[in-house]
Undergrad: 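Below you will find the structure I want to go over with you.
These numbers were taken from a predicted model, which means no experiment stands behind them. All values below come from the heavy atoms of this structure, side chains included, with hydrogens, waters and symmetry mates left out.
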Amino acid sequence: TVKITLTRPTDLIFIVDSSRSVRPSEFEQVKIFLSKVIETLDVGPNATRVGVVNYASSVKNEVSLKTYRNKATLLRAVAKIEPLSTGTMTGLSIQFAMNVAFSEAEGARVRSQGVSKVAIIVTDGRPQDNVKEVSARARDAGIELFAIGVGRVDMNTLKQIASEPLEEHVDYVESYGFIEKLTKKFQEALCVSDLCATGDHDCEQICVSTPGSYKCACNDGFTLQEDGKTCSACTSSTDVVFLIDGSKSVRPENFELVKKFINQIVDKLDVDRNKAQVGLVQYSSSVRQEFPLGRFSSKKDLKDAVKKMSYMEKGTMTGQALQYLISNSFNPSHGARPGVPKVGIVFTDGRSQDYIGDAAKKAKEHGFKMYAVGVGNAVEDELKEIASDPVADHYFYTADFKTINQIAKKLHVKVCEEENPCECESIVKFQKKVDDAIQQLMKKYILFHCHT
């Protein structure tokens with residue numbers, strides 16, 4: 001089993017075989033595998049830097065170590081890589097990684113002490129060149145080599161490439177359809193010293209590091225819930241509307257995953273007439289309200305309604321959908337409550353076919369807190385235009401629908417930041433005590449005067 005330990009800053013290069021034996025659909029599975037491994041890493045200029053080398057008869061530097069300094073942009077770059085579909089020059093790709101990808105000019109930290117150099121090679125064929133000598137030179141240069149073989153790969157080649165001990169640096173799957181098996185191994189084997197520092201935790205507000213683990217805490221005025229992860233304020237009144245892309249590019253099986261994503265977020269809300277209300281709007285070439293705010297006052301009924309939503313399967317009119325949110329969804333005639341915080345969660349998988357600028361701006365001017373969630377071919381600039389400030393807290397992206405559940409874990413609808421509702425409640429209680437005391441004094445005063 002492959003075991004990778006990244007307990008210190010690492011320069012990591014994926015070297016991916018896209019020779020003609022790798023079909024386009026199989027190459028997509030490789031990209032999903034890369035994305036899922038990247039999802040578990042602490043990506044950043046001072047933590048793990050990631051590069052991708054694509055090879056067939058020639059070698060192409062798809063992603064430099066210096067280019068992408070955050071996970072979202074890195075995942076977008078991986079999603080756009082296309083197969084080269086020629087021969088299989090594996091030795092040449094390792095030589096390229098050693099001379100170019102791991103060079104200071106491409107962002108490798110060659111002068112820094114304590115930075116690991118790791119290369120993960122994914123191949124499905126017998127190389128047309130020599131790998132033994134070049135792999136030995138790469139290992140001598142301090143690069144730790146992992147070899148992943150698929151299908152009819154030559155096992156001897158994998159052993160010639162990989163670092164010792166071979167049982168930890170060589171792995172094999174029967175076909176690209178099984179490469180996800182390795183994802184789990186990589187994720188489970190990924191050993192990180194500080195889970196809070198890497199963001200690999202489920203704490204809603206504060207993560208407290210403990211040896212090899214962590215525990216969650218909450219900001220002042222919030223209480224840690226029974227799940228040990230989420231925090232609740234004294235009041236959770238909010239109107240939340242989901243704006244869901246139902247265009248044909250989503251595909252039916254992924255639309256089911258989107259519905260699960262919605263219900264994952266609903267699970268974290270305190271659904272009640274006087275607390276969190278949820279509305280749902282689907283859009284494609286037109287906009288369709290699935291249900292308005294306030295129709296469901298129980299979490300079970302709400303989740304059942306989400307599961308029953310049918311897929312529209314047409315275009316992508318995100319601007320029109322945002323305008324609908326402003327004019328209708330958050331209007332009192334559609335169940336919105338005056339004076340209650342409004343939260344919009346927009347989910348899309350592609351470029352809008354209409355202009356979103358005016359509506360995106362207007363939503364924020366109305367004081368709505370807007371979250372933008374993108375997957376696959378979603379356009380980063382559009383997502384950022386929709387998201388509220390600070391954009392980094394309100395904008396999420398993943399390359400693959402199968403990993404949107406990770407976004408649902410990270411996306412917490414925060415509505416009590418402007419003031420501590422506990423303080424408001426305390427003031428109300430105090431005011432009531434004062435009023436009661438005055439009433440008692442007045443009674444005593446009246447009684448005193450009546451008896452004199």
Side-chain angles (χ1 to χ4, degrees), residues 201-205 216 218-219 221-246 254-283 288-311 321 324-325 328-347 368-373 375 394 396 401-417 421-422 425:
H201 61 81
D202 292 328
C203 298
E204 180 176 357
Q205 290 184 355
C216 301
C218 298
N219 295 324
F222 291 80
T223 309
L224 191 66
Q225 298 299 284
E226 286 179 15
D227 61 7
K229 298 170 187 174
T230 56
C231 300
S232 175
C234 300
T235 180
S236 52
S237 290
T238 179
D239 287 344
V240 181
V241 174
F242 289 90
L243 213 56
I244 301 299
D245 178 354
N254 290 329
F255 195 69
E256 292 305 308
L257 295 176
V258 174
K259 292 197 272 187
K260 285 181 182 175
F261 164 83
I262 297 167
N263 280 341
Q264 247 184 296
I265 294 172
V266 167
D267 271 330
K268 294 190 286 188
L269 298 173
D270 195 358
V271 177
D272 185 81
R273 283 260 179 262
N274 303 312
K275 293 179 181 176
Q277 290 192 154
V278 178
L280 178 60
V281 173
Q282 187 186 168
Y283 71 95
R288 182 174 79 198
Q289 178 173 262
E290 300 293 343
F291 52 82
L293 288 162
R295 175 170 292 175
F296 303 106
S297 56
S298 85
K299 204 172 278 191
K300 184 187 179 300
D301 292 344
L302 179 58
K303 288 170 73 176
D304 285 345
V306 171
K307 287 175 189 171
K308 288 173 186 168
M309 173 170 57
S310 60
Y311 175 35
Y324 183 91
L325 184 83
N328 299 282
S329 301
F330 286 139
N331 192 302
S333 64
H334 283 249
R337 295 166 292 179
V340 169
K342 309 286 186 286
V343 177
I345 300 173
V346 182
F347 184 99
F368 306 155
K369 182 162 284 205
M370 300 298 294
Y371 290 87
V373 180
V375 66
H394 297 88
F396 301 87
F401 278 93
K402 289 176 185 166
T403 56
I404 58 174
N405 63 323
Q406 296 302 315
I407 289 178
K409 285 180 186 175
K410 293 174 195 168
L411 197 159
H412 301 283
V413 176
K414 301 169 191 161
V415 291
C416 303
E417 320 176 294
C422 296
E425 195 170 279

Undergrad: CG of Leu280 to CD of Gln289: how many Å apart, nearest 0.5 Å?
TA: 9.0 Å

Undergrad: For Phe330 versus Leu293, what's the shortest heavy-atom pair and its separation?
TA: CD2-CD1, 4.0 Å

Undergrad: How about Val343 and Val241: do any of their side-chain heavy atoms sit closer than 4.5 Å?
TA: no

Undergrad: Which atom names give the shortest non-hydrogen contact between Val346 and Met370, and what distance separates them?
TA: CG2-CE, 3.9 Å

Undergrad: Test your reading of the model: is there a side-chain donor-acceptor pair from Arg295 to the backbone of Gly279, 3.5 Å cut-off?
TA: no

Undergrad: Apply side chain to side chain contact (heavy atoms under 4.5 Å, CB included) to the pair Tyr324 and Val281, showing each step before the final yes or no.
TA: CA-CA 9 Å; Tyr324 183 91; Val281 173; 3.9 Å; yes

Undergrad: Hey, what do you get for CZ (Phe261) to CD1 (Ile407), rounding to the nearest 0.5 Å?
TA: 6.5 Å

Undergrad: Suppose we screen for ring pair (Phe, Tyr, Trp, His ring centres under 6.0 Å). Which residues come up paired with Tyr283, at least two apart in sequence or across chains?
TA: none

Undergrad: List the residues meeting side chain to side chain donor-acceptor pair (under 3.5 Å) with Gln264, not counting sequence neighbours, and say none if there are none.
TA: none

Undergrad: If the test is side chain to side chain contact (heavy atoms under 4.5 Å, CB included), which one of Val373, Val306, Val258 qualifies with Ile244?
TA: Val258

Undergrad: Enter the distance from Ile345:CD1 to Lys369:NZ here, rounded to the nearest 0.5 Å.
TA: 11.5 Å

Undergrad: Determine the minimum heavy-atom distance between Ser329 and His334, stating which atoms define it.
TA: O-CB, 4.0 Å

Undergrad: Determine, for Lys300 against Asp304, whether the closest basic-nitrogen to carboxylate-oxygen distance falls under 4.0 angstrom.
TA: yes

Undergrad: Give a yes or no answer on whether the side chain of Lys259 reaches the backbone of Lys307 with a donor-acceptor pair at less than 3.5 Å.
TA: yes

Undergrad: Quick one: do Ile404 and Leu257 satisfy side chain to side chain contact (heavy atoms under 4.5 Å, CB included)? Show the steps, please.
TA: CA-CA 8 Å; Ile404 58 174; Leu257 295 176; 4.3 Å; yes

Undergrad: Please enumerate all residues that pass ring pair (Phe, Tyr, Trp, His ring centres under 6.0 Å) together with Phe396, with sequence neighbours excluded.
TA: none

Undergrad: Which distance, rounded to the nearest 0.5 Å, do you find between the CG of Asn405 and the CD1 of Ile265?
TA: 11.0 Å

Undergrad: What distance do Cys203 atom SG and Lys229 atom NZ have between them, rounded to the nearest 0.5 Å?
TA: 9.0 Å

Undergrad: Do Leu302 and Phe291 touch side chain to side chain, with heavy atoms closer than 4.5 Å?
TA: yes

Undergrad: With the side chain counted from C-beta on, respond yes when Thr230 and Gln205 share a heavy-atom pair under 4.5 Å apart, and no when they do not.
TA: no

Undergrad: Applying salt bridge (Lys or Arg N to Asp or Glu O under 4.0 Å), can you list everything that pairs with Lys299, at least two apart in sequence or on another chain?
TA: none

Undergrad: With sequence neighbours left out, what residues match Phe242 under ring pair (Phe, Tyr, Trp, His ring centres under 6.0 Å)?
TA: none

Undergrad: What's the shortest heavy-atom distance between Ala276 and Leu269, and which atoms?
TA: CB-CB, 4.1 Å

Undergrad: Taking all non-hydrogen atoms of both residues into account, name the closest pair between Val340 and Asp239 and its distance.
TA: CG1-N, 3.7 Å

Undergrad: Return the set of residues passing side chain to side chain donor-acceptor pair (under 3.5 Å) with Arg288 (not counting sequence neighbours), or none when no residue passes.
TA: Glu290, Ser310

Undergrad: Who pairs with Tyr311 by ring pair (Phe, Tyr, Trp, His ring centres under 6.0 Å), at least two apart in sequence or on another chain?
TA: Phe255

Undergrad: Asp301: what forms a side chain to side chain donor-acceptor pair (under 3.5 Å) with it, not counting sequence neighbours?
TA: Ser298

Undergrad: Under the rule for salt bridge (Lys or Arg N to Asp or Glu O under 4.0 Å), what residues qualify as partners of Lys260, not counting sequence neighbours?
TA: none

Undergrad: I'd like to check the salt bridge (Lys or Arg N to Asp or Glu O under 4.0 Å) partners of Lys303; sequence neighbours left out, ordered by chain and number.
TA: Asp267

Undergrad: Atom OH in Tyr371, atom NE2 in His394: separation rounded to 0.5 Å?
TA: 4.0 Å

Undergrad: Please list, chain by chain and in numerical order, all residues satisfying side chain to side chain donor-acceptor pair (under 3.5 Å) with Gln406, sequence neighbours excluded.
TA: none

Undergrad: Residues in salt bridge (Lys or Arg N to Asp or Glu O under 4.0 Å) with Asp272, at least two apart?
TA: none

